[in-house]
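Every chain is numbered from 1, with letters handed out A, B, ... down the list of sequences. The figures here come from the full heavy-atom set of this structure, side chains too, leaving out hydrogens, waters and symmetry mates. Being a predicted model, the structure only gives us computed values, none of them experimental.
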Amino acid sequence: MDIEEELRIIKRNVVDILPGLEELRKRLQEARQQARPLKIKYGADPTAPDIHLGHTITLSKLREFQDLGHIVQFIIGDFTAMIGDPSGRNEVRKPLSEESIRKNASTYQEQIFKILDKKRTELHFNSEWFGKMSLKDTLKMASYYTVARVLERAEFKERFKKKQEISLLEFIYPLLQGYDSVMLGNDIEIGGTDQTFNLLVGRDLQRDYGKKEQIILTLPLLVGTDGIRKMSKSYGNYIGITELPLEIYGKTMSIPDELIFPYMELLTSISDEKINNMKKDVRDEKMNPKDAKAFLANEIVKRYHGISEAAKAGNEFDKIFKKRELPSEIPSRKYEKEKVWIIDVLVNEGLAKNKTEANRLISQGAVELDGKTITSPDFDILMDSEHVLKVGKRRFLKIKGE
RNA sequence: GGGGAGGUGCCCGAGCGGUUAAAGGGAACGGGCUGUAAACCCGUUAGCCGUAGUGCUUUCGAAGGUUCGAAUCCUUCUCUCCCCA
């Protein structure tokens, strides 16, 4: 493949290349001459084991590198997680136990290979080297960086100005992440735009340790389904790649309209041309945004569950929300009693979190039995035949007697 | 070490002796409408009582106290932030 073509693929969706495109081109050429693959580093934090669409932007980029013949160094920050990861919030995150880290890490491994090519992936844990590091080595590492440099980091600058707490550990954190690069000797490191500073530290440290400096690729952060904050499990605005097809489809259908095209660009392999055409059609009102969204939802489900599951999810969604019919599969539950109080059913089956909520749902007209709205909580379901209970628009349950 | 500010419901944040289960916003849930679980509008959001009341219990960092009555006042403890050294 032509090197320019390779660069074109690499550049797609990338926000920034540091120090610049030229360096990247040079590194590619160099690797070709030496007939070696490039090593691409990506660090993951084992605190949130469920991979969601936000992660897939970077993972897909890694996969592209693999398909171009390069090697991915996937590093799990098990050591740093053990001492607590302070990144992000204004609050220091609790350190994780060794056990939960191990569990999270293995979940990670299962999930990343839905996207990455196992044969072209090296897996590393940073406890491999940090576990053995002496205080002397640590201090040496710390000596390479200055307080002023660390304060350059946008987030620190902000918090420093607002006089919020910054722990010493947080200060060192970027160094730890950077030291991973020193140990791995990677050519490129990729991460979200929020990681820019940390990635740059890696570059600096590699130089300080006399290694070749990594080239940095930053990728956009994905806005979550709420349309406001970045996608994150802790904000509950995420779509996980291991979720059920209908869940993924439905959640995608619930994103604000403005997110339709950004999602298409970042999360699917739909061609730019096709995306632009759709954009235009929606703008000219030739296409209903809902249909563009349905197309997107289908693409996403297809990617993680295959084409037939995607079609099924789409039909199912229309059935429930457009035609207001019953879904084709409804969980069912047996009761041995002759009759059961509606409130008890709602609570027992997890359709309401307590009796107060069950009462509220009924008074709001959210509960239907066999298509009829239940108006009073003073109601028993007779277990003479099978009944279909519907709560809200999307929760269904079949109940029957023995 | 000295001084100051503060910890309120899922989150943010008002309240600073009764009318406070606690304003407002966010989020979630429900309803309406629709093009969808978009947007918009409306409602609900401590728990309990077979449904109902001017009902009962629990909640404002923790524990005590003052008072007919406290998230609001006092004491002690605890945690956080800021300033000075």
Output the rounded distance in Å from NZ (A:Lys319) to P (B:U36).
17 Å

Choosing from [options], which nucleotide comes nearest the side chain of [X]?
X: A:Asp378; options: B:G30, B:U51, B:U36; result: B:U51
X: A:Asn288; options: B:U36, B:C29, B:G35; result: B:G35
X: A:Arg360; options: B:U44, B:U36, B:A38; result: B:U44
X: A:Asn354; options: B:G50, B:U36, B:C48; result: B:C48
X: A:Leu361; options: B:A37, B:G30, B:G50; result: B:G30
X: A:Lys355; options: B:A38, B:C49, B:A37; result: B:C49

With a 3.5 angstrom cut-off on both distances, give the Watson-Crick or G-U wobble partner of B:C10, or none if there isn't one.
B:G26

Pairwise 5' ranking along RNA chain B for A:Lys251 and A:Ala366, keeping only the more 5' one
A:Ala366

So side chain to side chain donor-acceptor pair (under 3.5 Å) across residues 368-381 of chain A, not counting sequence neighbours, yields A:Asp370-A:His387

Gap in Å between the two P atoms, one belonging to B:U20 and one to B:A71, rounded
13 Å

Between B:C48 and B:G53 - C1' atom distance, rounded Å:
13 Å

Tell me which residues in residues 289-314 of chain A lie within less than 4.0 Å of RNA chain B, going by non-hydrogen atoms.
A:Pro289, A:Lys290, A:Lys293

